[in-house]
Amino acid sequence: MIGNNQRLEFLGDSICNFLSAEFLFKHFPLHHEGHLTLLRCTMVGAPTQALVAQQLGMEQYVISRQTLSHDKMGWKQKILADLMEAFIAALFIGKNL
């Protein structure tokens, strides 16, 4: 497998979108598609994913911590969100082996 997390991020992003869409579809039957889309984007957007990654203490697993300490143009948020997506994909893959 390729030595980066981009494929895992792709899978993790898809899993997050699917699960949040399913949750919203079931729990908000009267909401229209546009509103459900806004809710889903809020649930699985980079700011939320980065916050969850921080709360789980995942910053310590970032290889280049220098990037996190010098957060220019929101890179810290993107890196943590990508890490969260890759982690979710890894959990999914591990559970389905």
### Query
Would you say the side chain of Glu33 lies within less than 4.5 Å of the side chain of Thr37, judging by non-hydrogen atoms?
yes

### Query
When the ring planes of His35 and His31 are compared, do they come out parallel, tilted or perpendicular, using 30° and 60° as the limits?
parallel

### Query
So, for Thr48 and Thr42, which heavy atoms are closest and what is the spacing to 0.1 Å?
OG1-O, 2.7 Å

### Query
If every non-hydrogen atom of Cys16 is compared with every non-hydrogen atom of Gln49, which pair is closest and at what distance?
SG-NE2, 4.0 Å

### Task
Could you grab the distance from atom OH of Tyr61 to atom CZ of Phe87, nearest 0.5 Å is fine?
9.0 Å

### Summary
Ala89 and Gly12 have their tightest heavy-atom pair at CB-N, 3.5 Å

### pair Gln6-Phe10: side-chain heavy atoms closer than 4.5 Å
no

### Message
Membership question, hydrophobic clusters at under 4.5 Å side-chain separation (ILVMFWY): are Leu91 and Phe18 in the same one?
### Response
yes

### Query
Which heavy atom in Glu85 sits nearest to a heavy atom in Glu9, and how many Å separate them?
OE1-O, 3.5 Å

## Note on the structure
Of all heavy-atom pairs linking Ser20 and Arg40, the shortest is OG-CG, 3.0 Å

### Spacing of Leu51 atom CG and Met84 atom CE [to the nearest 0.5 Å]
10.5 Å

### Message
Just so I know, are the side chains of Ile93 and Leu8 near enough to count as touching, which here means a heavy-atom distance under 4.5 Å?
### Response
yes

#### Entry: Any Ile79 side-chain heavy atom under 4.5 Å of Lys76 side chain
no

### Query
How far apart are the C-alpha atoms of His32 and Leu36, what are their side-chain angles, what is the distance that settles it, and do they pass the side chain to side chain contact (heavy atoms under 4.5 Å, CB included) test?
CA-CA 6 Å; His32 60 82; Leu36 294 173; over 6 Å; no

### Single-linkage hydrophobic cluster Phe92~Leu56, side-chain heavy atoms < 4.5 angstrom
yes

#### Entry: Considering all heavy atoms, the nearest Met58-Leu83 contact
O-CD2, 3.4 Å

### Task
Please step through side chain to side chain contact (heavy atoms under 4.5 Å, CB included) for the pair Leu19 and Val44, ending with a clear verdict.
CA-CA 10 Å; Leu19 292 176; Val44 299; over 6 Å; no

### Query
Are Val62 and Leu80 close enough that some pair of their side-chain heavy atoms sits under 4.5 Å apart?
yes

### Query
How far does CG of Leu39 sit from CE of Met43, to the nearest 0.5 angstrom?
8.0 Å

